[in-house]
Amino acid sequence: MNYFVHQLKCANTQSVTKEFFEKLNKYDLLIYDDFALHSIDELTRLALLTLLDDRYEKKSLIITSQLPYDKWYDYIGQTTVADAILDCIQHSSHLIRFEGQSMRENRKKLQTLNQVLS
C-alpha cells in the first residue's frame, strides 16, 4: 500500500479526513508516486477525486504510474468517479510517457560493467 493510501486510511479511521486534506492543501506541489500499484477501493477513489477537485487550477500534482494512462479508467473502476477523476486530469495536465528500458536495468548493467573493468 502506498503512503498516500495508508495515511488516508489512518485519517479515515480517526475521523480526521477533513484535516488530512487541509494539510495536503498547504503544499503547492504534491507527488503521488506509483499510482495503481495496488487495487483501489471506494475510499481511495473518492479521496483521489477530492484531492484533484481541491487542487484543480490552484495547486500542482504530479502522478507517476507504471500503468499506462489509457488503462486508468478500467483500473479506477466505478464509471462515474472514473469519469470525474479523468476529466480533472485530462483538462489540466501534461502527459509525459517514458518508453524504453528501465533506468534501474541500465544502472545495473553499468554497475556490472564497472565491476568487470575494475
Side-chain angles (χ1 to χ4, degrees):
M1 177 183 325
N2 71 29
Y3 188 69
F4 171 74
V5 174
H6 174 73
Q7 291 297 315
L8 173 66
K9 289 185 187 295
C10 289
N12 191 52
T13 301
Q14 299 167 9
S15 299
V16 292
T17 308
K18 180 181 177 195
E19 291 85 356
F20 174 71
F21 284 105
E22 287 172 354
K23 182 179 177 182
L24 290 178
N25 285 329
K26 291 180 183 179
Y27 299 100
D28 291 330
L29 172 65
L30 292 177
I31 300 173
Y32 191 147
D33 192 25
D34 288 332
F35 173 73
L37 278 184
H38 305 282
S39 60
I40 191 168
D41 60 14
E42 185 67 17
L43 176 65
T44 307
R45 229 183 259 116
L46 293 175
L48 180 58
L49 180 58
T50 300
L51 183 68
L52 290 165
D53 281 343
D54 285 353
R55 302 183 74 76
Y56 189 77
E57 294 186 346
K58 296 178 211 155
K59 303 209 177 199
S60 299
L61 175 65
I62 295 173
I63 302 174
T64 69
S65 182
Q66 298 290 330
L67 185 66
Y69 182 73
D70 61 351
K71 296 186 191 277
W72 284 22
Y73 188 86
D74 292 332
Y75 168 77
I76 293 168
Q78 189 180 24
T79 57
T80 305
V81 178
D83 284 338
I85 288 171
L86 295 178
D87 187 60
C88 283
I89 292 172
Q90 284 179 328
H91 294 96
S92 64
S93 301
H94 299 280
L95 178 62
I96 301 170
R97 286 191 176 102
F98 293 100
E99 296 181 11
Q101 288 186 326
S102 165
M103 289 178 52
R104 290 182 181 107
E105 184 64 29
N106 289 337
R107 198 173 309 136
K108 182 179 172 184
K109 287 177 183 178
L110 184 58
Q111 288 173 344
T112 302
L113 180 60
N114 286 337
Q115 288 173 353
V116 170
L117 296 174
S118 296

Could you give the distance from OG1 (Thr17) to CG (Leu46), rounded to the nearest 0.5 Å?
11.0 Å

Nearest 0.5 Å please: distance from the CD atom of Gln78 over to the OH atom of Tyr73.
10.0 Å

Side-chain contact test, heavy atoms from C-beta onward, threshold under 4.5 Å: evaluate it for Thr44 versus Lys9 and give yes or no.
yes

Separation between CD1 (Ile89) and OH (Tyr56), nearest 0.5 Å, reads 11.5 Å

Residue that, paired with Phe21, satisfies side-chain contact (heavy atoms from CB on, under 4.5 Å) out of Thr50, Asp53, Val16
Thr50

So, Ser93 side chain and Leu95 main chain: donor-acceptor pair closer than 3.5 Å or not?
no

Interatomic distance, CG@Leu24 vs CZ@Arg55, rounded to 0.5 Å, equals 7.5 Å

Counting N and O atoms only, with roles assigned by atom type, does the side chain of Arg45 sit under 3.5 Å from a partner on the main chain of Ile76, one being a donor and the other an acceptor?
yes

For the atom pair CD (Gln14) and CD (Glu19), what is the distance rounded to the nearest 0.5 Å?
10.0 Å

Enter the distance from Asp70:CG to Tyr75:OH here, rounded to the nearest 0.5 Å.
15.5 Å

Cluster check Ile40, Leu43: I/L/V/M/F/W/Y, side chain < 4.5 angstrom
yes

Around atom CD of Gln66, are there more than 12 heavy atoms from other residues, nucleotides or ligands closer than 6.0 Å?
no

Will you find, in the side chains of Asp83 and Thr80, an N or O donor that is under 3.5 Å from an N or O acceptor?
no

Below 6.0 angstrom between ring centroids: does that apply to Tyr69 and Trp72?
yes

Look only at the side chain of Ser65 and the backbone of Phe35, and say whether a donor-acceptor pair between them is shorter than 3.5 Å.
yes

Check for me, please, whether Tyr27 and Leu48 land in the same ILVMFWY cluster - side-chain distances under 4.5 Å, paths through other members count.
yes

Is there a path of hydrophobic side-chain contacts, each under 4.5 Å between heavy atoms of I, L, V, M, F, W or Y residues, that connects Leu67 with Ile85?
yes

